[in-house]
Every structure is written in C-alpha cells, then in structure tokens.
Amino acid sequence: MFKRQVKSLNEILQKLLRDEGFETPLKERRLIDSWDSVVGSVVARYTGDKFIRNQILYVKITNPALKADLSMMRSQIIKKLNEKAGSFVISDIKFF
C-alpha cells in the first residue's frame, strides 16, 4: 500500500517558486512595492525609479535635502523593508 505524504498548498507553492527561480524576484517586487508604505506619502512624492541589483536597493530621490535625511535613516529603512518583504532581501540602499 502507498504511504502518502500530505503537504499543504503553501509548502508546494514555496517549493515550486524556489525550484523554478521565482522566489527571489517575487520577494524583490514585494519589497519595492512596500517602499511607499514604509517611508510615507511625503517621501513617496519625491521618489522616482527604484530597482534592486546585488541586494542593493537603488532609489532616485528628487529632493537633495530629503536624500541626505534618508541616508542617515538608511539602516532603519532597510530593516523595515526587509520585514515587509518577509525575509532578508536587501543589505543596503543607495540614493541617486
């Protein structure tokens, strides 16, 4: 007789995403999408392009004073963004 291993749908989907290489891009997209909610609407107004390369989030900030303020808060923002994404996705943020 067969002995079945019952797995939850969540386990199956996680394994599929990991095996097919979609897990990291999905987490990166989740992190980028959470930028506005983490930094707030005022900062979001001055935010342009955002992308991740080699675990570094690159964010275009159009206000120089705001760019300096965000640079000082870099470690707190990284921590909050990784928490929103649900895992360690980025290790640094570069503002340009």
Side-chain angles (χ1 to χ4, degrees):
M1 214 169 255
F2 293 105
K3 188 174 185 179
R4 295 183 182 184
Q5 285 186 328
V6 178
K7 294 183 180 180
S8 69
L9 186 57
N10 185 33
E11 288 176 303
I12 295 168
L13 285 175
Q14 290 296 330
K15 183 176 178 355
L16 177 68
L17 289 173
R18 192 173 302 119
D19 291 348
E20 296 298 322
F22 295 125
E23 185 177 40
T24 301
L26 181 63
K27 288 179 181 178
E28 289 176 353
R29 173 53 42 201
R30 199 176 294 149
L31 184 132
I32 289 172
D33 289 344
S34 68
W35 171 262
D36 292 353
S37 66
V38 169
V39 297
S41 61
V42 175
V43 175
R45 271 187 271 161
Y46 296 102
T47 301
D49 296 334
K50 301 177 288 281
F51 62 92
I52 298 174
R53 185 169 294 140
N54 297 329
Q55 292 186 332
I56 299 174
L57 174 64
Y58 293 89
V59 182
K60 181 173 178 69
I61 303 293
T62 58
N63 185 321
L66 183 60
K67 190 185 305 184
D69 289 345
L70 290 173
S71 293
M72 290 187 283
M73 298 171 32
R74 178 179 289 142
S75 62
Q76 296 154 337
I77 296 170
I78 292 169
K79 181 180 175 191
K80 288 180 182 178
L81 285 169
N82 282 328
E83 286 174 0
K84 278 277 201 181
S87 68
F88 181 80
V89 179
I90 60 168
S91 60
D92 198 10
I93 301 176
K94 303 280 184 187
F95 300 105
F96 65 96

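- Every pair passing ring pair (Phe, Tyr, Trp, His ring centres under 6.0 Å) that includes a residue from residues 41-62 is listed here, sequence neighbours excluded: F51-Y58.
- Applying the side-chain hydrogen bond (donor to acceptor under 3.5 Å, both in side chains) test to residues at least two apart or on different chains, the pairs with a partner in residues 17-32 are K15-D19, R18-E23, K27-S87, R29-D33.
- Partner of V89 under the side chain to side chain contact (heavy atoms under 4.5 Å, CB included) criterion, chosen from I78, I32, N82: N82.
- For I93 against I90, the heavy-atom pair with the smallest separation is CG1-CD1, 4.0 Å.
- Not counting sequence neighbours, R45 has no partner by the salt bridge (Lys or Arg N to Asp or Glu O under 4.0 Å) test.
- Partners of K84 according to the salt bridge (Lys or Arg N to Asp or Glu O under 4.0 Å) rule, which considers only residues two or more places apart in sequence or in another chain, do not exist here.
- Applying the side-chain contact (heavy atoms from CB on, under 4.5 Å) rule to Q5 yields the partners K7; only residues at least two apart in sequence or on another chain are considered.
- Across all their heavy atoms, A44 and V39 have their closest contact at N-CG2, 4.4 Å.
- Atom NZ of residue K50 and atom CG of residue L31 lie 10.5 Å apart, to the nearest 0.5 angstrom.
- Applying the ring pair (Phe, Tyr, Trp, His ring centres under 6.0 Å) test to residues at least two apart or on different chains, none of the pairs has a partner in residues 8-39.
- Hydrophobic clustering of Ile, Leu, Val, Met, Phe, Trp and Tyr side chains at less than 4.5 Å, counting indirect connections, unites M73 with I61.
- Remark: T47 OG1 to L70 CG distance equals 7.5 Å, nearest 0.5 Å.
- Cluster partners of L13, by chain and number: L9. The rule joins Ile, Leu, Val, Met, Phe, Trp and Tyr whenever side-chain heavy atoms lie under 4.5 Å apart.
- Annotation: salt bridge (Lys or Arg N to Asp or Glu O under 4.0 Å) contacts involving residues 59-79, sequence neighbours excluded, comprise R74-D92.
- A search for side-chain contact (heavy atoms from CB on, under 4.5 Å) contacts involving S8 returns N10, E11, not counting sequence neighbours.
- The CG atom of L17 sits 12.0 Å away from atom CD1 of I12, with the distance rounded to the nearest 0.5 Å.
- Evaluation of the ring pair (Phe, Tyr, Trp, His ring centres under 6.0 Å) test over residues 60-96, restricted to residues two or more places apart or in two chains, returns none.
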